[in-house]
Participant: 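Pasting in a structure now, in structure tokens, and then I'll have a few things to ask.
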Amino acid sequence: MRSVPARARGYVLCVALGGGACVAPALGPGTRWTVVALLAALYAGGERAVRHGVAARTFFPVLLAGVFLLPPAAAALVAVPGALCARVERRPRWLRRAWRAAQLALAAWAAGQAYAALDGPQAASAPHFPYVLLPAAAAVLAFAGVLAALDGGILVTAERVPARTAWQGTLPRSLAPVAVHGLAGLMMAVLWQSPYGPPAALLVLLPMGVSCWVFAQYHRERAAHQATIRALVQAVDIKDRYTRGHSERVGRAAVLIARELGMPDERVEVLRFAGILHDVGKLGVPTRLLRKEGPLTPQERRVIELHPEYGHEMVRGIGFLGDARAAILHHHERIDGSGYPYGLTGTQIPESARVVAVADAFDAMTSSRSYRRARPVPAALAELRRCAGAQFDAAMVGALVRALDRHGWDSEVTAGSAPRDDVPPDGPAPAPEARPGTAPHLPEAFRPLRR
């Protein structure tokens with residue numbers, strides 16, 4: 001309890017008193033206890049089956065079916081037993097259970113009042129059934145609105161989030177899942193009152209349960225994807241300490257380019273993966289070459305230039321990466337055909353690789369390395385423009401320039417200086433001289449050999 005601020009405990013107490021006041025009228029005579037008990041049991045079972053944080057934070061169809069079937073006070077009562085018995089991971093558990101029960105009771109009561117005010121019960125049983133959609137929509141909006149308002153209050157009192165930002169975006173995030181579950185709840189209520197009775201209404205829960213399970217599987221799979229990528233990037237950062245943090249910054253720059261070009265969200269996500277994993281092939285390069293301070297021999301350069309192929313082989317079996325694999329393989333190709341590993345030209349180079357090439361070069365220039373200091377962003381962009389059409393795709397360069405004009409670039413993110421013990425005793429080595437048409441920001445090891 002000491003970890004919960006006093007004002008948060010007071011806020012929860014006030015919400016609990018409000019929830020109790022909403023539920024109290026249902027404790028008198030006239031309540032349809034059979035319906036309340038059955039819905040409460042279904043809700044409690046749904047809470048056990050559906051993990052929190054997936055699609056919605058609770059099994060809303062049953063609660064909203066109660067809103068459409070029962071008076072407001074009885075509908076508020078449906079959520080209380082399940083919320084009080086729900087599993088809670090964090091302490092203080094009893095306070096969190098009381099908060100959740102009161103929050104749901106208030107939301108269900110408000111939704112019931114909105115539904116009743118627009119003659120929802122009569123519309124549901126009338127011959128013109130579609131008219132019930134208006135009061136049902138009002139109930140869903142009231143339900144989501146109360147949840148969002150109370151969530152904002154707990155952010156202010158318990159998390160000390162500023163009041164001006166606590167409620168930003170809470171209603172849209174709450175409304176979408178509540179609306180979907182509200183349709184299922186309405187179907188349950190209509191079937192419940194039909195000649196088929198409660199058994200038919202319970203069939204609605206089957207597809208909802210399956211959809212929640214599928215959504216949970218998706219979230220678990222996505223979490224596994226993120227963990228896989230983090231592990232690979234951490235391994236690269238440990239091996240190549242000069243470029244620690246480089247992968248995440250390239251991923252961020254690739255996203256800026258992709259969004260500026262109007263790519264769909266799925267494509268943007270693939271390019272983020274491509275940027276983050278573009279140098280994963282360094283895991284197959286001897287560490288002594290990656291950390292060598294002096295110039296590389298031609299043979300050593302050829303070994304390092306194998307890292308795109310190593311990376312492609314490493315991730316070839318990871319299905320969710322999609323076109324990111326092509327970017328990993330080809331991000332050192334050049335528009336003029338003098339890149340590696342295959343010397344592709346122009347549009348022969350996959351689009352994802354052309355995006356990552358520009359993002360990679362930009363971060364390399366704006367990050368400090370052992371052999372030179374970071375360049376300012378304007379100087380880096382000027383160099384990209386100079387090499388556009390020969391080394392880089394001009395459209396990708398232009399997209400990055402426009403995106404940075406609009407959004408800027410965090411200088412702290414691009415700092416990326418190497419540890420002091422990485423610098424040789426006689427000071428940083430000078431950057432190698434660039435040949436015409438080659439961006440001089442890249443270390444010699446990453447420039448193609450003359451053909």
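As a basis for the values below, the full set of heavy atoms in this structure was taken, side chains included, without hydrogen atoms, waters or symmetry mates. Position 1 is the first residue of the sequence, and the numbers go up from there.
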Participant: Can you tell me how far the CG atom of D393 sits from the OG1 atom of T347, to the nearest 0.5 Å?
Facilitator: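 So the gap between those two atoms works out to 9.5 Å.
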
Participant: Counting only N and O atoms by type, is there a donor-acceptor contact under 3.5 Å from the side chain of E333 to the main-chain atoms of I349?
Facilitator: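 Absent.
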
Participant: Using the side chain to side chain contact (heavy atoms under 4.5 Å, CB included) rule, take V180 and L183 through it: C-alpha gap first, then chi angles, then the decisive distance, then the call.
Facilitator: CA-CA 6 Å; V180 173; L183 287 174; 6.0 Å; no

Participant: Test salt bridge (Lys or Arg N to Asp or Glu O under 4.0 Å) on R267 and E351; report intermediate values, then the result.
Facilitator: CA-CA 11 Å; R267 183 72 171 162; E351 181 185 49; 3.1 Å; yes

Participant: Does a side-chain heavy-atom distance below 4.5 Å link L186 with V132?
Facilitator: yes

Participant: Once ring-ring contact (aromatic ring centres under 6.0 Å, His included) is applied, do any residues pair with Y310, and if so which ones, sequence neighbours excluded?
Facilitator: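 Here no residue qualifies.
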
Participant: Measuring from atom CG of D279 to atom CD1 of I328, what distance do you get when rounded to the nearest 0.5 angstrom?
Facilitator: 9.5 Å

Participant: For D360, is there any backbone N or O sitting under 3.5 Å from a side-chain donor or acceptor partner on R249?
Facilitator: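 No, the answer is negative, given that no donor and acceptor are paired below the 3.5 Å cut-off.
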
Participant: Using modelled atom types and a 3.5 Å cut-off, is there a donor and acceptor pairing between side-chain atoms of Y115 and backbone atoms of A136?
Facilitator: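 Checking the backbone N and O of A136 against the side chain of Y115, no donor-acceptor pair under 3.5 Å is found.
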
Participant: Are any side-chain N or O atoms of W167 and backbone N or O atoms of A149, one a donor and one an acceptor, separated by less than 3.5 Å?
Facilitator: yes

Participant: Charged N to carboxylate O below 4.0 Å: is that the case for D405 and R402?
Facilitator: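 Salt bridge: no.
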
Participant: Check for a donor-acceptor pair, side chain of S367 on one end and backbone N or O of D363 on the other, with a separation under 3.5 Å.
Facilitator: yes

Participant: Would you confirm whether the ring centroid of H312 sits within less than 6.0 angstrom of the ring centroid of H330?
Facilitator: no

Participant: Rounded to the nearest 0.5 Å, what separation is found between the OH atom of Y131 and the CG atom of L118?
Facilitator: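 Atom-to-atom, Y131:OH and L118:CG are 14.5 Å apart.
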
Participant: Measure across K282 and H307 and return the closest heavy-atom pair with its distance rounded to 0.1 Å.
Facilitator: N-CB, 4.0 Å

Participant: Can you confirm whether F362 sits close enough to L404 that some side-chain heavy atom of one is under 4.5 Å from a side-chain heavy atom of the other?
Facilitator: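 SC-SC contact between F362 and L404 confirmed.
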
Participant: Grab the two heavy atoms, one from P341 and one from P308, that are nearest each other, plus how far apart they are.
Facilitator: CD-CB, 4.5 Å

Participant: Does the side chain of L384 reach to within under 4.5 Å of the side chain of M365, using non-hydrogen atoms?
Facilitator: yes

Participant: With a 4.5 Å limit on heavy-atom distance, are the side chains of D151 and L155 in contact?
Facilitator: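 The answer is no, as the side chains (C-beta and beyond) never meet within the 4.5 Å cut-off.
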
Participant: Take L106 and F143 through the side chain to side chain contact (heavy atoms under 4.5 Å, CB included) test and state the conclusion after the steps.
Facilitator: CA-CA 8 Å; L106 282 170; F143 191 93; over 6 Å; no

Participant: Could you check if a side-chain atom of E269 sits within less than 4.5 angstrom of a side-chain atom of M263, using non-hydrogen atoms only?
Facilitator: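 Side-chain contact under 4.5 Å: no.
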
Participant: Closest heavy-atom contact between G284 and M314?
Facilitator: N-CE, 3.7 Å

Participant: Considering all heavy atoms of both residues, which atom of L400 and which atom of A253 are nearest to each other, and what is their separation?
Facilitator: CD1-O, 4.4 Å

Participant: Can you check whether L321 reaches R316 side chain to side chain, under 4.5 Å on heavy atoms?
Facilitator: no

Participant: Salt bridge or not between R259 and D265? Use side-chain N to carboxylate O under 4.0 Å.
Facilitator: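 Yes, R259 and D265 are salt-bridged.
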
Participant: Can you check whether H332 and H278 have ring centres sitting under 6.0 Å from each other?
Facilitator: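 Centroid distance H332-H278: not below 6.0 Å, so no.
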
Participant: Measuring from L271:CG to I257:CD1, what's the distance to the nearest 0.5 Å?
Facilitator: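 It comes to 8.5 Å.
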
Participant: When you look at CZ of R93, are more than 12 heavy atoms from neighbouring residues, nucleotides or ligands closer to it than 6.0 Å?
Facilitator: yes

Participant: Answer yes or no: is there a donor N or O on one side and an acceptor on the other, between the side chain of H181 and the main chain of V178, under 3.5 Å?
Facilitator: no

Participant: Side chain to side chain contact (heavy atoms under 4.5 Å, CB included) between V78 and V67: does it pass, once the steps are laid out?
Facilitator: CA-CA 9 Å; V78 169; V67 167; over 6 Å; no

Participant: Looking at R32 and A74, would you say the former's side chain and the latter's main chain have a donor-acceptor pair under 3.5 Å?
Facilitator: no

Participant: To check you understand the geometry: which heavy-atom pair defines the closest contact between V156 and A166, and what is its length?
Facilitator: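 Smallest interatomic distance, heavy atoms only, reads CG2-CB, 3.4 Å.
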
Participant: Atom CG in L17, atom SG in C22: separation rounded to 0.5 Å?
Facilitator: 11.0 Å

Participant: List the atom of L77, the atom of A26, and the distance in Å for their closest heavy-atom pair.
Facilitator: CD2-CB, 4.3 Å

Participant: Could you walk me through whether M187 and V190 pass side chain to side chain contact (heavy atoms under 4.5 Å, CB included), step by step?
Facilitator: CA-CA 5 Å; M187 291 171 61; V190 171; 6.0 Å; no

Participant: Looking at R272 and E248, does any basic side-chain N land under 4.0 Å from a carboxylate oxygen?
Facilitator: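 Result for this pair is no, no salt bridge flagged.
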
Participant: Let me confirm one number: the CD1-SG distance from I335 to C387, rounded to the nearest 0.5 Å.
Facilitator: 12.0 Å

Participant: Are any of the side-chain heavy atoms of P350 and R354 separated by less than 4.5 Å?
Facilitator: no

Participant: Between Y11 and W99, does the ring centre distance come in under 6.0 Å?
Facilitator: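 Yes, close enough.
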
Participant: Does any non-hydrogen side-chain atom of S352 lie less than 4.5 Å from one of H331?
Facilitator: no

Participant: Using a 3.5 Å distance criterion without hydrogens, assess whether the side chain of T31 forms a donor-acceptor pair with backbone atoms of W33.
Facilitator: no

